[in-house]
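One structure coming up, written as structure tokens, with questions to follow.
Order of the sequence lines sets the chain letters (A, B, ...), proteins ahead of strands, with each chain counted from 1.
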Amino acid sequence: MSTPLGNMSWLDPVRFKSAASRRFIEFCRQDLAAADPRPDKAALALYREAALLVLERLEAMSTPRDRT
Amino acid sequence: MIVTDLLAEDFRKYEYLHLEALPERGLLALVGGNESGKSSIGDAIAFALFGHSLAVDVTDSGKLVRWGSQAASVTLSFRQRGRHYRLARRVDPGGVQSASLWSVDEGRTLADTPVEVAQALKGVLGYDYPAFVRAFYWSQQISTDSKADTESLRAMAGVRAYLQLEQQLQQERQQETGGLEQVQSRMEALRQARDTLALDRDLLPELLDIRETLEDRQRGGGSLSRSITQSARSYPEDHATFHALLGRLKWLNRLAAVGIGAFLLLFVAGMLLSWLPGGFAWSGQEPEVLIRLGRTLLWGGMVVALMASGLLFWGWHAEQRRLPALRDRSIRFAASLANVVRQLGSSLEETLGERAEHYLVGRKVLMPPAQAAELDAQVQERLRQFDGLPERVRLFEADPASVGLQVPALMDDLERHNTALDGFVRVLDQDVVHEQTLVEQYQGLNQGLTDREAEARRHHHTMRVQDMALTLVQRASEHSAARFNSIVHKRCQALLADFTQAHYDSLEINTDFALRVLSREKGDFLDFEEISAGTQRQIALAMRVALANALAESTDAGQQLLFLDEPFAFFDPERTSATLQSLKEMTDGRVCQIWVTVQSVLDGMAGAYLVYCDGTQPEIAMIDDSREKKT
């Protein structure tokens, strides 16, 4: 999944089960697409690490009922 | 999705339940008292679709089996986007499930295991269990505490998880800050310990250099000592040999000189007699005799010349064969003696340099300069007795007896010198070991500091990531709140007004993610917590219904059911009636099949379909205006 912002496969919603995670992924996609100026490599790496931290926590917080 | 037929066997309190020919559009009122089984109908729908109910997880789904039965089964017929499906699910008391999804129109099985059914159903319905319970299924049972509606609305807005996560991340950020402070404190302690060592980084290499120089000198002294001892032992014999050889050579030289003189004399005489015999007429001898005599003399001269040459050759040969070895030994002996004298006469300070001299004086290995100068003068005075000895030895001019006396004295001095060097080296060894220990401690502290610095960098990085994560969560919350407010603004205002009898017009999540409702009476927003529990429930219900409509439209699900379990528990009769009226009107839209469980037939239910639940097989009938007609 190559985009002008690099490989975005880490934002693949299939990897995440909870509704909150999927909402957050949607937000990140919109946020990155609207980013102006375009983030440099270091900023994008930090963004990715922080986003994955959020997703990991959201997944851990979700109960089985919240999942598909 | 519209339910057209529901068949449940041995499910919860129902031995047999069959709701058939269900109206696809309208309000279905499931009426009955407590424990009458009306909520079980909602559970049956949820179980058939997703394998569990709102109150019972998949792992506990065996609890849905009626007491004493072998298994519970639910068969749900539904219509979705104009297509008919039949979904059958079975569970035994151990929680083992089987499921299958059948396409009635195509006449084929779409999925035959619970996992396949879950995947196929997501494709058919366009939503999954979380979306179903968030939008199309509302239960009074899970909304009993005072904060439930607030949390429910925040969940609907998609900010509840973010708010929980924000608190969690802030706690983790504080822990990380605490961790960093601990690491920094340990780093400071390590730095102080390292500074306390006051390590002179240049000292150890210098000590090693000094020690190496002293050891070299010690080794050189030992080697000289052995060489001189050996040379001194052979010197008397060499001296005697040398002088004996020298005497013989002098004798041979003298003999050769006599021979050469005799040869010259005989040669001249022989020549004169042979060539000028007339000159010797005065002798009275015949010329022939004189000539014969001359020739004899010439032959004799030649013999003498040969003998002299032989002697010269013999002398030369003897000199070439024996003298060089003797001279080599004398030269080596002389050089060794000169080296010892030079070594004993030179000070250590000249060899080691000023810094090393200061260090050795500080360590009391060397004397202070003034004292050392005095001692040096004494040594120089003592060494004067050996002046010229090496040169005399080299020329074999030194008397062996004198050498035999002087060399031991010199060797004693050299031995004392080497013993002193040995003491210096031992002191240096101790200093080197001490300094190496200091260096190891310094390196250990440095390594610890490097490790802590790496740890601090990890903490800093983690904190940066946490800060970024907090920023993202806050912005995602604002994004969700803005979207929620937009949906409310577009879709919920009319419903809110209907459900609250026009007391409240709008709802929003503000920048602090607090819920606020717009009071028409006060013309201003009120905190959601300020209004009564009944009104909170009405607003939450209105939001649920609005979200159900929104989701039905956004997923292009076509017509959609909505199941509301005991929604009017906190409603007064007027608002109940108004809400029922609003729900009935809503069934003209996408959400066209609305299931409502109530304790009894209520005002405003006219035109709704009644399913009276008493634990037995119910029938469906429409309620007329008299409210009395029950089945």
To the nearest 0.5 Å, atom NE2 of B:His479 lies from atom CZ of A:Phe24 at 11.5 Å
So, do B:Leu472 and A:Leu53 sit near enough that their side-chain heavy atoms are less than 4.5 Å apart?
->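 No, too far: nothing below the 4.5 Å cut-off.
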Closest non-hydrogen atom pair, B:Leu165 against A:Arg57 = CD1-CB, 3.1 Å
Which bit of B:Leu470 comes within less than 4.5 Å of chain A, counting heavy atoms only: side chain, backbone, both or neither?
-> neither
Specify which of A:Gln30, A:Glu26, A:Arg23 makes the most heavy-atom pairs with chain B at under 4.5 Å.
-> A:Arg23
Which atoms of B:Glu172 approach chain A - backbone, side chain, both or neither, heavy atom under 4.5 Å = side chain
Select one option (side chain, backbone, both, neither) describing which atoms of B:Arg483 are under 4.5 Å from chain A's heavy atoms.
->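 The side chain, not the backbone.
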Can you name the closest pair of heavy atoms from B:Ala161 and A:Met61 and give their distance?
->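 B:Ala161 and A:Met61 have their closest heavy atoms at O-CE, 3.4 Å.
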